[in-house]
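This report refers to the structure that appears directly beneath it.
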Amino acid sequence: LANRRAAGLREEAARLPDDADRIAAALALFWSQFSGRLFQAGIELIIAARTDAVLRAALTPFERELRRLSRELAAELFGPRAVAHPDFNDVVTLVLNSMYGIALHRLLQPTSSVKRQLTLLERVVRTTLSSG
């Protein structure tokens, strides 16, 4: 499933115009993965794994692979200039962790607007990747 999701995101990224705002596009594509049934099923598995050692052992390699794919995809989406930044990997981790948290909040409060948080996240990413 992770490979299929990554392939779909790569297809969407390939359709971006050359002059596209890579940061905005990358964040929008990542955010698109934090909704829907697949995300919700993943959250339910993670919660169940908290008290189920066998399930946790089975999910751990999957989660590592998903993070690896996400970093690989982020490098493609953000582009070589962003990847060259010394904090790029930490920025990707911050983006993914923030989006996880925002998405979890939205599960509890589905009518809650997340636009302000996502806008702030984009500003943080732009500021960080434009420095150094």
Side-chain angles (χ1 to χ4, degrees):
L1 287 173
N3 286 324
R4 278 199 324 213
R5 283 178 36 193
L9 289 176
R10 282 191 179 97
E11 287 175 20
E12 289 183 52
R15 289 192 294 265
L16 291 172
D18 290 337
D19 63 344
D21 178 345
R22 303 301 289 188
I23 289 176
L27 293 174
L29 287 172
F30 273 119
W31 179 244
S32 73
Q33 300 303 298
F34 287 91
S35 61
R37 298 181 114 175
L38 189 57
F39 174 75
Q40 290 175 0
I43 292 301
E44 290 173 13
L45 286 171
I46 289 169
I47 291 168
R50 184 181 65 84
T51 57
D52 184 328
V54 174
L55 180 57
R56 186 175 334 116
L59 283 179
T60 299
F62 169 77
E63 180 66 20
R64 280 193 197 115
E65 178 63 8
L66 189 57
R67 289 284 174 154
R68 187 195 67 73
L69 280 171
S70 294
R71 285 186 191 343
E72 185 180 291
L73 185 59
E76 293 174 32
L77 292 173
F78 281 96
R81 185 168 168 236
V83 173
H85 192 282
D87 295 325
F88 181 74
N89 286 332
D90 290 327
V91 167
V92 172
T93 299
L94 175 66
V95 165
L96 295 173
N97 289 344
S98 296
M99 287 186 176
Y100 250 104
I102 293 167
L104 286 173
H105 172 77
R106 211 168 80 178
L107 287 175
L108 292 174
Q109 297 183 17
T111 60
S112 175
S113 173
V114 298
K115 185 172 176 45
R116 287 184 63 189
Q117 289 86 13
L118 294 173
T119 299
L120 180 58
L121 180 61
E122 181 178 335
R123 193 173 344 141
V124 167
V125 169
R126 281 185 194 286
T127 301
T128 303
L129 293 180
S130 67
S131 68

Q. CZ of R64 to CG of L69: how many Å apart, nearest 0.5 Å?
A. 14.5 Å
(Q) When you measure from the side chain of D87 to the backbone of D90, do you find a donor-acceptor pair of N or O atoms at a distance under 3.5 Å? (A) no
Q. Which atom pair, heavy atoms only, marks the closest approach of A49 to L55?
A. N-CD2, 3.7 Å
Q) Closest heavy-atom contact between L96 and S70? A) CD1-CB, 3.6 Å
**Q.** T128 backbone acceptor or donor facing S131 side chain under 3.5 Å
**A.** yes
Q.
Please determine whether side chain to side chain contact (heavy atoms under 4.5 Å, CB included) holds for the pair T111 and R106, giving the CA-CA distance in whole Å, both sets of side-chain angles, and the decisive distance to 0.1 Å.
A. CA-CA 7 Å; T111 60; R106 211 168 80 178; over 6 Å; no
(Q) Quick test of your reading of the model: are R68 and E65 salt-bridged, counting only N-O distances below 4.0 Å? (A) yes
Q | From CA spacing to verdict: side chain to side chain contact (heavy atoms under 4.5 Å, CB included), L104, F34 | A | CA-CA 9 Å; L104 286 173; F34 287 91; over 6 Å; no
Q: Determine whether more than 12 heavy atoms belonging to other residues, nucleotides or ligands lie under 6.0 Å from atom CZ of R81.
A: no
Q: Verify whether one side chain among T93 and R71 offers a donor that lies under 3.5 Å from an acceptor in the other.
A: yes
Q. Could you give the distance from CD (E63) to CZ (R56), rounded to the nearest 0.5 Å?
A. 13.5 Å
Q. With distance as the sole test, does H85 use its side chain to make a donor-acceptor pair with the main-chain N or O of S130 at under 3.5 Å?
A. no
Q | Heavy-atom pair of closest approach, residues R22 and E76 | A | NH2-O, 3.3 Å
**Q.** Interatomic distance, F62 atom CZ to I46 atom CD1 [nearest 0.5 angstrom]
**A.** 8.5 Å
Q) Just how far is it from atom NZ of K115 to atom CG of L120, taken to the nearest 0.5 Å? A) 12.5 Å
Q) How many angstroms lie between atom CG of L73 and atom CD of Q33, to the nearest 0.5 angstrom? A) 8.5 Å
Q.
As a quick check of understanding, evaluate side chain to side chain contact (heavy atoms under 4.5 Å, CB included) for F78 and L27, giving each step before the final call.
A. CA-CA 9 Å; F78 281 96; L27 293 174; 4.1 Å; yes
Q) Between F88 and A82, which heavy-atom pair has the shortest distance, and what is it? A) CD1-O, 3.4 Å
(Q) Using modelled atom types and a 3.5 Å cut-off, is there a donor and acceptor pairing between side-chain atoms of R126 and backbone atoms of I23? (A) no
Q: Examine L107 and I47 and state if one hydrophobic cluster contains both, with Ile, Leu, Val, Met, Phe, Trp and Tyr joined whenever side-chain heavy atoms are less than 4.5 Å apart.
A: yes
Q) Would you say the side chain of V125 lies within less than 4.5 Å of the side chain of L129, judging by non-hydrogen atoms? A) yes
Q.
Hydrophobic cluster membership, with links at side-chain heavy-atom distances under 4.5 Å among I/L/V/M/F/W/Y: are L108 and I43 in one?
A. no
Q: Test side chain to side chain contact (heavy atoms under 4.5 Å, CB included) on M99 and F30 and set out the steps.
A: CA-CA 8 Å; M99 287 186 176; F30 273 119; 3.8 Å; yes
Q: Kindly compute the distance separating CD (Q117) from CH2 (W31), expressed to the nearest 0.5 Å.
A: 9.0 Å
